[in-house]
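Below, read A as the first sequence line, B as the second, and so on, with proteins coming before strands; counting in each chain starts at 1.
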There are 2 protein chains.
Amino acid sequence: MTTPIRTRVLDRIDLAILDVLQRNGRISNVNLAKEVNLSPSPCLDRVKKLESEGYIEGYSARLNSAKLGQALVAHVEITLKSSTEAVFSVFREHIVKIPQVVSCDMVAGGFDYLVKIRVADMAQYREVLGKIVETPGVSTNHTYMVIEHIKIDSGLTVL
Amino acid sequence: MTTPIRTRVLDRIDLAILDVLQRNGRISNVNLAKEVNLSPSPCLDRVKKLESEGYIEGYSARLNSAKLGQALVAHVEITLKSSTEAVFSVFREHIVKIPQVVSCDMVAGGFDYLVKIRVADMAQYREVLGKIVETPGVSTNHTYMVIEHIKIDSGLTVL
DNA sequence: TGTCATGCAGCATTTAATTCTGTTTCTGAG
DNA sequence: CTCAGAAACAGAATTAAATGCTGCATGACA
């Protein structure tokens, strides 16, 4: 259920590899090896090991959302009608299926879920919000439209 | 200042390339070509073009935050004392420099900024929150600790 | 209908990934 | 203190991929 805890101590070189790959996931192994002061073969061994042990979960291209017509981001706070597992469960099932929902966190505090959505325009925002609030069990919602991205998804601080 | 609008129409193959690379950023060009039913050379041409035109901004390894000792995520709503550009500017400068701040959006609605932070534990949360609220101009703050990640950073819907 | 531009496949060359081997270094037992 | 074993490394050889080049096919346009 939960993610396993760190099973071994990563040394300086492992952390350097993670740091480089987080910033440049498509660097060649030869150049990665240079960055971390190793020869290519042990460097590749370490990367494979970090992958198989789950420190690296995968690699992604970062796409420009504005150029792909999805410039509008909104954060939506959702409160459910009751805090029973049955209601939570239904909400989870529904929310996960909406493609424009980028992320969804259950939170402790004044509401139940914080949902981040990414859409092309206000018309689509309205459409997606409709889908969300129509989910059985949803009581109230508040939207905060993003005006400006001050800091965008910086990775983990690994060094 | 703003990101340029889409300058050309991406065809089905371009979108398929983006979709594959978003899910597997380190796939070899040979295999990518197979996925999108092209031979390697035109496939590589398209990738390079998508990169140079800015549709692809870069590539990242996705790291397992729990295994790297940063399992705790919190969303912090920040309100500033005044809505002048001078105050905003100071806040931006400070917030960007805090490594544990993963993202920060200026929003329209009941508060000014929504800040996402990632920390090891509550002690570090307290430390980081201290840095945030000590930033000149900050008036009020509310934290929502994440209990469960329902949907994690799904990419753009490109197809 | 001919010409140009675009995009493609296939081949050749360069570069990188992968595998294998031998050496060094560290650790722990005797 | 010394030796056996394991782990990690560098370097060479092999396999595979990236890159660059050439020519063909297709579609736009005069």
For [X], which residues count as a side chain to side chain donor-acceptor pair (under 3.5 Å) partner, sequence neighbours excluded?
X: A/Ser60; result: B/Arg62
X: A/Thr157; result: none
X: A/Ser139; result: none
X: B/Asp121; result: none

Nearest whole Å is fine: how far is [N] [atom2] from [X] [atom1]?
X: A/Arg8; N: D/dA7; atom1: CZ; atom2: C1'; result: 12 Å
X: B/Glu51; N: D/dA18; atom1: CD; atom2: P; result: 12 Å
X: A/Ile17; N: D/dA8; atom1: CD1; atom2: C1'; result: 12 Å
X: B/Leu32; N: D/dA16; atom1: CG; atom2: C1'; result: 16 Å
X: B/Asp11; N: C/dT6; atom1: CG; atom2: P; result: 15 Å

Where along nucleotides 9-23 of chain C does protein come under 4.0 Å, by heavy atom, of base (B) or sugar-phosphate alone (S), with - for untouched nucleotides? BB-----SSSB----
Between side-chain atoms of residues 41-48 of chain B and protein atoms elsewhere (two or more places apart, or another chain), which donor-acceptor pairs fall under 3.5 Å?
residue : atom : partner : partner atom : Å
B/Arg46 : NH1  : B/Asp11 : OD1          : 3.0
B/Arg46 : NH1  : B/Asp11 : OD2          : 3.2
B/Arg46 : NH1  : B/Asp14 : OD1          : 3.1
B/Arg46 : NH1  : B/Asp14 : OD2          : 3.3
B/Arg46 : NH2  : B/Asp11 : OD2          : 3.1

Between B/Arg46 and C/dG7, is there a side-chain N or O to OP1/OP2 distance below 4.0 Å?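 The answer is no; no side-chain N or O of B/Arg46 sits under 4.0 Å from OP1 or OP2.
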Difference in axis direction between the ends of the helix from C/dT1-D/dA30 to C/dG30-D/dC1, five pairs, 10°: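 Between the first-five-pair axis and the last-five-pair axis there is 30°.
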Side chain B/Arg26, main chain A/Ile27, donor-acceptor under 3.5 Å: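 Between the backbone of A/Ile27 and the side chain of B/Arg26 there is a qualifying donor-acceptor contact (under 3.5 Å).
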Among pairs that include at least one residue of residues 123-145 of chain B, which meet salt bridge (charged side-chain N to carboxylate O under 4.0 Å, His left out), considering only residues two or more places apart or in two chains?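 Checked against salt bridge (charged side-chain N to carboxylate O under 4.0 Å, His left out) - neighbours excluded - no pair reaches residues 123-145 of chain B.
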Sequence neighbours left out, cut at 3.5 Å: what donor-acceptor pairs do the side chains of residues 88-110 of chain B make with other protein atoms?
residue  : atom : partner  : partner atom : Å
B/Arg92  : NH2  : B/Glu85  : OE2          : 2.8
B/Asp105 : OD1  : A/His149 : ND1          : 2.9
B/Asp105 : OD2  : A/His75  : NE2          : 2.9

